[in-house]
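Structure first, then comments.
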2 protein chains.
Amino acid sequence: MTCSATHVTEQIRARGFRLTQPRMAILNVLYEAGGHLTPTEIFEHLHPKLPHVSEPTIYRNLDFLRLNGFVRATPTGNGRLEYEIVGHPHHHLRCQDCGTEIEIEHSLLQPLYERLEQSTGYRLTETHHTFLGYCPRCKPKGE
Amino acid sequence: MTCSATHVTEQIRARGFRLTQPRMAILNVLYEAGGHLTPTEIFEHLHPKLPHVSEPTIYRNLDFLRLNGFVRATPTGNGRLEYEIVGHPHHHLRCQDCGTEIEIEHSLLQPLYERLEQSTGYRLTETHHTFLGYCPRCKPKGE
DNA sequence: GTGCTTATTGTAACTTATTACAATAAAAAG
DNA sequence: CTTTTTATTGTAATAAGTTACAATAAGCAC
Ligand SMILES: [Mn+2]
Ligand SMILES: [Mn+2]
Ligand SMILES: [Zn+2]
Ligand SMILES: [Zn+2]
């Protein structure tokens, strides 16, 4: 288990929640994957080793981990949600044609966030966004 | 039916697709609502008058209308999708605490889009985003 | 109008996601 | 280690969304 994984489990205990076997297993799958996973993918990863862990437990724990700020839910292209460990602040830019996806550093959005805070009076949370477009290779076709 | 609704139906015909009763009814519900609706809400709007229209037809037509650029799908807070007529370019900013939602003009995102196009080489599509934060009234609690 | 073509639909079966509630096991106390 | 407490789980039922395929009706030619 990585250093930050240990930090998360300590935090869960510190906040008075329980470190259950399914909960830790879900966190481990997400850490090992290192990217976005759907609830069904997580279920399939766990099932061979922990066949008793049920779907509702996956969904409930993903929600629990999200509400506690340990994972993030991000809508995939077709309406489903994918989950990932909250780590470095980033966003995505996906090619509508070939699907190629690159990461955007959150620092690039910082000026926008400040402008939005000024013009609306809201305090903005760092939300996770996926932008769409055409990559350099597909761009000619896209126009 | 509004002027732009007529434009949409003409476009559908012009592109070789059929103007079916369910398809027009779904468009009308979205036009009359004037905002975001879930597939289930659309189904419930239609059911009293057109009880034979089925759920798969709702989903298929929403997908059809989206792929043809007439409606937009936008993820609601809890992973579901909401649909709206594609009209003026806008985004949303929702308070995580009280749910109050305000619209953001797309022009405010234009500088970001240009910066992203320069730094990535992608050509960006105008994607619909929902930002989260705390509104002026909830902000004190949020900090 | 009648008949033809085929995009679109409804039905049925299935997958994915959510809810209610009794059973379980994690944490803490004795 | 044993008991107590209750957060968390599994089961069963339900809701939301998708797929396969035969039946239908929108558009067109006559
Ligand atoms: Mn991500
Ligand atoms: Mn909108
Ligand atoms: Zn591409
Ligand atoms: Zn608020």
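First the proteins, then the strands, lettered A, B, ... as listed; each starts at 1. The model shown is predicted, which means the values in this text are computed figures rather than measured ones.
Every residue two or more places apart in sequence or in another chain that forms a side chain to side chain donor-acceptor pair (under 3.5 Å) with B:Thr125 is listed here: A:Gln96. By the side chain to side chain donor-acceptor pair (under 3.5 Å) test, A:Tyr59 pairs with no residue at all, sequence neighbours left out.
Taking atom CZ of residue B:Arg60 and atom P of nucleotide D:dA16, one finds them 18 Å apart after rounding to whole Å. One interatomic measurement links the two molecules: CZ of B:Phe43 to P of D:dG17, which rounds to 12 Å at whole-angstrom precision. For B:His52 and D:dA25, the NE2 to C1' distance is 11 Å, given to the nearest whole Å. When the C1' atom of D:dG17 is taken as reference, atom OH of A:Tyr59 falls 11 Å away, rounded to whole Å.
Identified under the salt bridge (charged side-chain N to carboxylate O under 4.0 Å, His left out) test for residues 101-118 of chain A, with sequence neighbours left out: A:Arg94-A:Glu101.
Residues B:Phe64 and B:Phe70 keep their aromatic ring centres 6.0 Å or farther apart. Here the two rings, on A:His90 and A:His92, have centers that are under 6.0 Å apart. Aromatic pair B:Tyr122/A:Phe131: ring centres not closer than 6.0 Å.
Both B:Glu55 and B:Ile12 lie close to DNA chain C; mapped to their nearest nucleotides by heavy-atom distance, the more 5′-ward contact belongs to B:Ile12. Mapped onto DNA chain D by nearest heavy atom, A:Phe64 and A:Arg80 fall at different nucleotides, with A:Phe64 at the one closer to the 5' end.
Put simply, chain A comes within 4.0 Å of DNA chain C, heavy atom to any atom, from C:dT16 to C:dA27, going 5' to 3'.
There is a side-chain donor-acceptor pair under 3.5 Å between A:His91 and A:His106. Judged by distance alone, the side chains of B:Ser54 and B:Thr57 do bring a donor and an acceptor atom under 3.5 Å apart.
With hydrophobic clusters built from ILVMFWY side chains whose heavy atoms lie under 4.5 angstrom apart, B:Val29 shares a cluster with B:Tyr31.
Residue contacts for B:Ser54: at a heavy-atom cut-off of 4.0 Å it reaches a base atom on one of the strands shown. B:Pro22 comes within 4.0 angstrom of sugar-phosphate atoms only, judged by non-hydrogen atoms across all strands, and of no base.
A salt bridge is defined here as a Lys NZ or Arg NE, NH1 or NH2 lying under 4.0 Å from an Asp or Glu carboxylate O, and A:Asp63 with A:Arg60 fails to meet this definition.
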Set out, line by line, the N/O atom pairs under 3.5 Å between protein and nucleotides 26-30 of chain D.
{"unit_1": "D:dA26", "atom_1": "N3", "unit_2": "B:Arg18", "atom_2": "NH1", "d": "3.1"}
{"unit_1": "D:dG27", "atom_1": "OP1", "unit_2": "B:Leu19", "atom_2": "N", "d": "2.7"}

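Overall bending of the helix from C:dG1-D:dC30 to C:dG30-D:dC1, expressed as the angle between end axes built from five pairs apiece, is 20° (10° steps).
Formation of a donor-acceptor pair under 3.5 Å by the B:Glu41 side chain with backbone atoms of B:Thr38 is found in this model.
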